[in-house]
Amino acid sequence: MRVTFLGTGSAMPTGERYQAGILVQDDGRTLLVDCGAGALQRLQQSGVGYENVSTVLLTHHHLDHVSDLLPLMKARWLAGEEHLEIVGPQGTKALVDDLLGVYEYMRDKLELQVREVVAGEFSVAGFDVSAYETRHSVPCLAYRFDDRFTFSGDSEAFAGLANFAEGSAILAHDCSFPDDVDVSNHPTPESLGRELAGREIGRVYLTHLYPHTEGRHDEMLESIATRYDGDVRFAEDLTTVSIE
Ligand SMILES: [Zn+2]
Ligand SMILES: [Zn+2]
């Protein structure tokens with residue numbers, strides 16, 4: 001399996017970090033998880049391209065995770081592709097309908113399949129996926145791809161999510177802010193380290209990084225390391241991780 005971070009930023013992207021998007025590929029299957037602003041450009045830069053993404057899995061409906069959905073539809077239509085599947089939590093059908101309500105000319109351009117999922121097991125783009133409800137300001141699902149990859153989506157750090165991720169070769173976890181930012185709905189390094197303490201996880205990548213984290217990576221890693229002694233790194237846009 002190959003996991004490529006397309007966007008490791010947040011609702012306040014930086015020049016180096018675009019909004020949320022992760023590409024999961026295995027054995028000829030390709031899945032885009034979240035589709036924030038910049039995902040389309042990063043797809044082209046990754047060499048995969050929007051022509052090859054026919055399924056999008058959404059963690060939740062915040063703008064920084066869905067902004068490039070309509071642009072993806074239009075780019076695929078212009079490229080001669082005929083369909084797109086959009087899978088996400090409850091409300092995804094209404095979201096897509098509403099987006100197409102604003103851009104009526106995009107209706108019927110693609111054969112759209114929209115599917116809503118809940119916490120539990122399901123299959124998408126040929127991947128067997130487990131979903132787990134996170135703690136965020138709107139309903140959000142974390143996704144796990146067998147023992148290989150777990151993505152937290154947007155979430156506070158909490159024991160249930162750490163349990164869900166335990167045993168993964170790779171965990172990509174929201175770590176939006178450094179410790180001195182007073183935040184809810186997202187973790188701080190301190191809370192993330194506390195919840196990961198003692199867990200068996202191959203490697204953790206920190207993502208969903210606000211500009212507040214720039215220049216503060218060392219102290220954030222040190223904060224996590226006071227409680228969690230595993231391999232923790234910052235995700236970067238266009239980094240690909242191969243997982244056995
Ligand atoms: Zn969010
Ligand atoms: Zn977000």
Side-chain angles (χ1 to χ4, degrees), residues 3-24 31-43 56-72 86-96 98-99 116-119 129 131-144 149-158 160-162 164-165 171-179 181-189 191-192 195 204-214 216-217 220 234-239:
V3 169
T4 301
F5 294 100
L6 297 179
T8 59
S10 63
M12 297 171 68
T14 69
E16 287 74 42
R17 298 185 188 281
Y18 290 2
Q19 294 185 348
I22 295 181
L23 199 58
V24 181
L31 176 66
L32 175 60
V33 183
D34 285 339
C35 192
L40 224 49
Q41 281 83 356
R42 291 296 193 218
L43 269 175
V56 182
L57 177 63
L58 302 175
T59 59
H60 66 304
H61 299 147
H62 273 156
L63 198 49
D64 53 314
H65 299 253
V66 306
S67 318
D68 261 2
L69 265 186
L70 276 173
L72 176 64
I86 301 169
V87 182
Q90 200 171 16
T92 298
K93 284 180 179 159
L95 172 80
V96 173
D98 288 350
L99 289 172
E116 295 185 351
V117 292
V118 295
V129 180
Y132 187 80
E133 185 84 40
T134 77
R135 289 188 188 163
H136 195 45
S137 52
V138 298
C140 178
L141 294 171
Y143 294 121
R144 177 167 174 151
F149 177 57
T150 299
F151 176 40
S152 70
D154 283 10
S155 182
E156 292 180 9
F158 66 104
L161 183 53
F164 177 70
L171 165 64
H173 204 294
D174 178 351
C175 195
S176 291
F177 297 102
D179 282 328
V181 176
D182 185 20
V183 63
S184 54
N185 304 312
H186 296 287
T188 56
S191 66
L192 184 57
E195 299 304 339
V204 178
Y205 281 94
L206 308 180
T207 190
H208 203 267
L209 301 161
Y210 273 79
H212 310 60
T213 63
E214 295 298 319
R216 305 188 64 181
H217 291 188
M220 290 173 71
F234 276 76
E236 306 294 340
D237 285 25
L238 293 174
T239 294

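If you're wondering where the values come from, they're calculated on a predicted model, not measured in any experiment. In what follows, every heavy atom counts, from backbone to side chain, and hydrogens, waters and symmetry copies are set aside. Start at 1 and go down the list; that is how both ligands and their atoms are numbered.
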Between the main-chain N or O of Gly9 and the side-chain N or O of Gln19, is there a donor-acceptor pair closer than 3.5 Å? no
Is there side-chain contact between Val138 and His62, with heavy atoms separated by less than 4.5 Å? yes
Mind checking what makes salt bridge (charged side-chain N to carboxylate O under 4.0 Å, His left out) contact with Glu116, not counting sequence neighbours? none
Residues passing the side-chain hydrogen bond (donor to acceptor under 3.5 Å, both in side chains) test with Asp68, sequence neighbours excluded, are none
Closer than 2.8 Å to the Zn ion (ligand 2), what protein N/O/S atoms do you find? Asp64 OD2, His65 NE2, Asp154 OD2, His208 NE2
Within-4.5 Å side-chain heavy-atom neighbours: Val87 and Thr92: no
Residues that Arg216 engages under salt bridge (charged side-chain N to carboxylate O under 4.0 Å, His left out), provided they are two or more places apart: Asp180, Glu219
